[in-house]
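Note that this is a predicted model, so its numbers are computed, not measured. Chain identifiers are assigned alphabetically (A, B, ...) following the order of the sequence lines, protein sequences preceding nucleic acid strands; residue numbering begins at 1 within each chain.
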Amino acid sequence: MQYNFNEIEAKWQKYWAENQTFKAENDSDKEKFYVLDMFPYPSGAGLHVGHPLGYIASDIYARYKRHKGFNVLHPQGYDSFGLPAEQYAIQTGQHPAVTTAANIKTYRRQLDQLGFSFDWSREVRTSSPDYYKWTQWIFIQIFNSWYNKETDKAEDIETLISKFSSDGNANVNAVCDDDIVSFSADEWNSFSDVKKQEILLQYRLTYLADTEVNWCPALGTVLANDEIVNGVSERGGHPVVRKKMTQWSMRISAYAQRLLDGLDKIDWPQPLKDSQTNWIGRSQGASVTFPILTFPKGEGTAPGYMTGGNNSHLLLDRAKEMRANPTAAESVLWESIKSKKLDYKFRQQHLIDDFIVDFVCLSKKLVIEVDGEIHETQKEADLKRTKVLNGLGYKVVRFKNEKVIGNIDGVLEEIKAHLEQQNIPPSGARGIEVFTTRPDTIFGVSFMTLAPEHELVSKITTAEQKAEVEAYIEATAKRSERDRMADVKTISGAFTGAYAEHPFTKEPIPIWIGDYVLAGYGTGAVMSVPCGDQRDYDFAKHFNIDIPNIFEGVDISEEAFADKDKTVIANSDFLNGLPYKKAMKLAIYELEKIGHGEGKINYRLRDAVFSRQRYWGEPFPVYYVDGMPQMISPEHLPIELPEVEKYLPTETGEPPLGNAEVWAWDTVANKVVDNNEINNATVWPLELNTMPGWAGSSQYFNRYMDPHNSEEIFSQKAINYWQDVDLYIGGSEHATGHLLYSRFWQKFMFDKGLVPKDEFAKKLINQGMITGTSAFVYRWNQNYIKKPIFISQDIIQKAINEKGFLDDYSKNLKQLIESLSSKPGGRNIVEASWKNFSPLHADVSLINASDELDIEGFKKWRDEFSDAEFITEEDGSFKVGREVEKMSKSKYNVVNPDAICEEYGADSLRLYEMFLGPLEQSKPWNTAGITGTHSFLKKLWRQFHTGENVSFLVTEDEPSKDSWKTLHKTIKKVEEDIENFSFNTSVSTFMICINELSSQKCVSRQVLEPLAILVSPYAPHIAEELWSKLGHAESIATATFPKFEEKYLVESSKEYPISFNGKMKFTLELSLDLSKDEIEAAVMANEKTQQQLAGRTPKKVIVVPGKIVNIVG
RNA sequence: GCCGAAGUGGUGGAAUUGGUAGACACGAUGGAUUCAAAAUCCAUUGCUCACAAGGCGUGCGGGUUCGAUUCCCGCCUUCGGUACCA
């Protein structure tokens, strides 16, 4: 009987599907094991041989675990929202759902044909409403949560609201926005509903914020950094501008430390952990405030007391006028405040931003307004004004004229109370806040550098420096991030003309701007210590800024000194003589004492923008009432993606959902209704953005546990049984995207008590990439024969190697050239050099295992070469050149698994993909090698078919000692290999095993039956077929994995390698019972030893029993 | 620049704790079988040398060791990631 793989594979794939062989039960006494693949995006191109690599590995592991008696969960699904489908929809008008469904069909067929043991009954698709219902649900949970630093976890927003209404926000320790204004319980309770919502949004774990995006007006869309080349869009080359946009953000920064800590308890590849660690970017240091000494416009040089906005010069005269003509009430209050009854300095009719406030205590950021009769119109203006002032960090208190005049003492008492409540660092006035990891070098600061985009720049720049600074800002804005990154050597910057004050020495420090400081990191400003930081050093050298040396015994005339370990501080007042760590601690202590700074841990990790201006993504369950976002109640989910005419942004620049006509929320009927019904009373507009690609993939692994549950995202019973993923396999390109966001969501779910584990995957493996082996044919660059000439690569190579002439290496070519009447260029033209050839990609399907081209096939494939001349080798073959490149359509090196399954079968392909090399490494694909694993399977088949006319034959005879040994050696190795994910070596082991069994002519059931189980995870179809031929009615899937027994491997003797000075010369078989001395004696007595020694006496003989003998001397 | 991974025959790769370098497979060469081809089987196959003996060999240069692909120091190359990160 022949090994008819096509028939066998189809038969068992059908059997598995019909019998639901791999369906996992949520109810089982067996121990659970969860093996997961990163689910694919179903692209239109289908699978190529690189895609299934990880799936094959995980499938082997899943099948192995079933043999080991585990209840295995091994699901698969589709990450089916995404850009390619949307772009295709824009081009063709086809609904993304339609093309996605078609692509999924292809994927499913291709996956099925590879014989994976997926439990398809649990399939999920992120674009299906049944699924994204729960993505929307999680979003609502996140919205309704805040991060309490006290308990170090996410809590329901209700607990925050109750804190606010009982104590205000002064004692709330939360992860929140930077510009929080403090309020009391009373104030909270008196706030309007909108105001409350506004404040809560500053605390929620997902919130609306204005985020800068790369906006391309021509395309009407937001672009990712890598879609921009040289400041214009990659597609079409349109200009791109930075634009603020209101978008949803996820407060992942709240979890920065826990995401970092969690890495210690998961078994993930170190490089992946490293990149997450770098991404989170924790650095420990101090935040330091440098007061600004001088402002360009204003009253003299009072340090930092000028709080006016950019229109100050216009308003100052008005302020002076008002000061000169106070109202009666203002007069009374001013006299009392001036007489210092309050211990705090107040200013009168003072400029803050573009407002003139009646009184202000700058150090406490308290504004006091004295009002007369208030008109309604004034009320609204005042509200606005208060909002702006609050935004700047001021608290505004209002008193009526009558009250001030009638009860000045009461008013003063109230003001006093407010002053005490205000918790502002004493420096109060504006300063530049910097973050530094080297507070120990604070006495080495000789200038400060702000990012050109820093908001203070326009405010502090002096008139003289204005032109220069503006020119510099404009120049840097033009440079793309890539330009700035690539060009590290050019040092540029500009002096603002302003000075800051050193917190300890009180010396003035010049403030510069420079593009080596990034607006997005830390505070966008640095204290520059040129002696200790190379970039600061280079900057200082370039602009001739002082470089004070604050290190003991270090020469800084050539470069900065950044070695923390060898640091001893000098010229630094109280830090003198201290090493780095001690100086750092003391510096922070002193800074805190004078209120100029504090120890701080800074993270690079930014909150994640969660809005996309796209169509093909999850809609938000959000509508807007008076501009404030409202969640739709979970029982009305899912909010399904609406139909649109076009998938492009609207003419007004709104996201594609702006084209939807039925996209409003009716709060009475609780359904999506026509936009015409919007009445801003019961029907409101819905959110137009959709969620990003990572939304659907951040919890899918948990949904697989209970995928059809329509009541809950998953039942507690299911999650408590499956717990977490035991083995997760996928590409390393997801290191900082999917894998970081998923961990964040999992920790959130953990905080909410929804999942039992705060890390979702115990072990993770990155499979390597499979690269393509491109094939090249070489066209001869000549123009005196009127048709293209291709020359076999071996001829060219040989001629070049021997520095000869081409026609000497091919009779055909010689004839061809001689047939020409004239030979312009003479002999030169046939001189061999690669320069004379153009390599052209040939489709790899036209190449055989010996790198020979199917010439006729090539002519058919490339019409324009149908009359081309092919100069072949003597034997008529035409050799191509080969090179490893990325697998890509344009390089014609993509290999489709369909054709391979057809020709060699899925089992051969599975084995071959594993055989290529270690799972984690990237490796080139070369179809030629598959004949190796294919002929192994044929040999395996033959081992079971040694009867008459190659019929099935297995006997009940006792196997030979050698066969037992072969079997158990294989069991041991295969088991170890699978546990270590070293699948390539176990394929070799199978080959060795079958080579041995065939020479032993072993046909014994006691050996062949366990062998079938061993092979089954790798080549499941052939294993099932052999298993059934062995007489089993049940699938092999859950057959018990054979048990390794040491006794079959016990040896009595060993072939010792005998080395002389470490070099092996010959081997000698000796009994393993011999002692060290006996071995030495036996070796020394051997004639070959004496021959090697040639009379010399060895200095030393090393004997390692069971291993080696080494003779020295 | 920094971080990470990797350099072994013509090719993919093996060598699990420092102990016989090149398992297994592809390719190549020669042979058997066949009318022929496919398929299958056998032999050879790191380099060097006419053969043998020998010598050289795991990116390069050192070191530790009886013994190094494996450990240490210094470099080079390729690939992947990235952030001028204060």
- Closest of B/rA14, B/rU82, B/rU16 to the A/Glu976 side chain is B/rU16
- Are A/Lys541 and A/Glu558 within salt-bridge range, i.e. N to O under 4.0 Å? no
When the side chains of residues 926-934 of chain A are checked against the rest of the protein, which donor-acceptor pairs come out under 3.5 Å, sequence neighbours left out?
residue	atom	partner	partner atom	Å
A/Asn926	OD1	A/Ala928	N	3.2
A/Thr927	OG1	A/Trp925	NE1	2.8
A/Thr931	OG1	A/Ala928	O	3.3
A/Thr933	OG1	A/Ser908	O	3.2
A/Thr933	OG1	A/Ile930	O	3.2
A/His934	ND1	A/Tyr904	O	3.2
A/His934	ND1	A/Ser908	OG	2.8

- Message: As a test of reading the structure: which of B/rA83, B/rA39, B/rG12 is closest to the side chain of A/Asn278, going by heavy atoms?
- Response: B/rA83
- Per-nucleotide protein contact along nucleotides 52-68 of chain B, 5' to 3', at a 4.0 Å heavy-atom cut-off (B base, S sugar-phosphate only, - neither), is ---S----------BS-
- Message: Which nucleotide wins on minimum distance to the side chain of A/Lys938, given the candidates B/rG4, B/rC84, B/rU40?
- Response: B/rU40
- May I have the distance from A/Arg535 (atom CZ) to B/rG1 (atom P), rounded to whole angstrom? 15 Å
- A/Arg942 side-chain proximity, nearest of B/rC41, B/rC3, B/rA86: B/rC41
- Message: Any base atoms under 4.0 Å from A/Arg606, or only sugar-phosphate, or nothing? Heavy atoms, all strands.
- Response: nothing
- Any A/Arg604 side-chain N or O less than 4.0 Å from OP1/OP2 of B/rA83: yes
- Task: List the protein contact pattern of nucleotides 24-29 of chain B with one symbol per nucleotide (5' to 3'): B for base contact, S for sugar-phosphate-only contact, - for none; contact means a heavy-atom distance under 4.0 Å.
- Result: BSSSS-
- Query: Toward the 5' end of RNA chain B, which comes first, A/Met769 or A/Tyr521, by nearest nucleotide?
  - Reply: A/Met769
- Pick base, sugar-phosphate or nothing for A/Thr985, based on heavy-atom distances below 4.0 Å to the nucleic acid. sugar-phosphate
- Task: Scan A/Pro1057 against the nucleic acid and name what it touches under 4.0 Å (heavy atoms): base, sugar-phosphate only, or nothing.
- Result: base
- Item | A/Glu996/A/Lys969 ion pair, N-O < 4.0 Å | yes
- Query: Short question: side chain of A/Lys923, backbone of A/Gln921 - any donor-acceptor pair under 3.5 Å?
  - Reply: yes
- Message: From C-beta outward on A/Lys923, which listed nucleotide comes closest to its side chain: B/rA86, B/rG12, B/rG4?
- Response: B/rG12
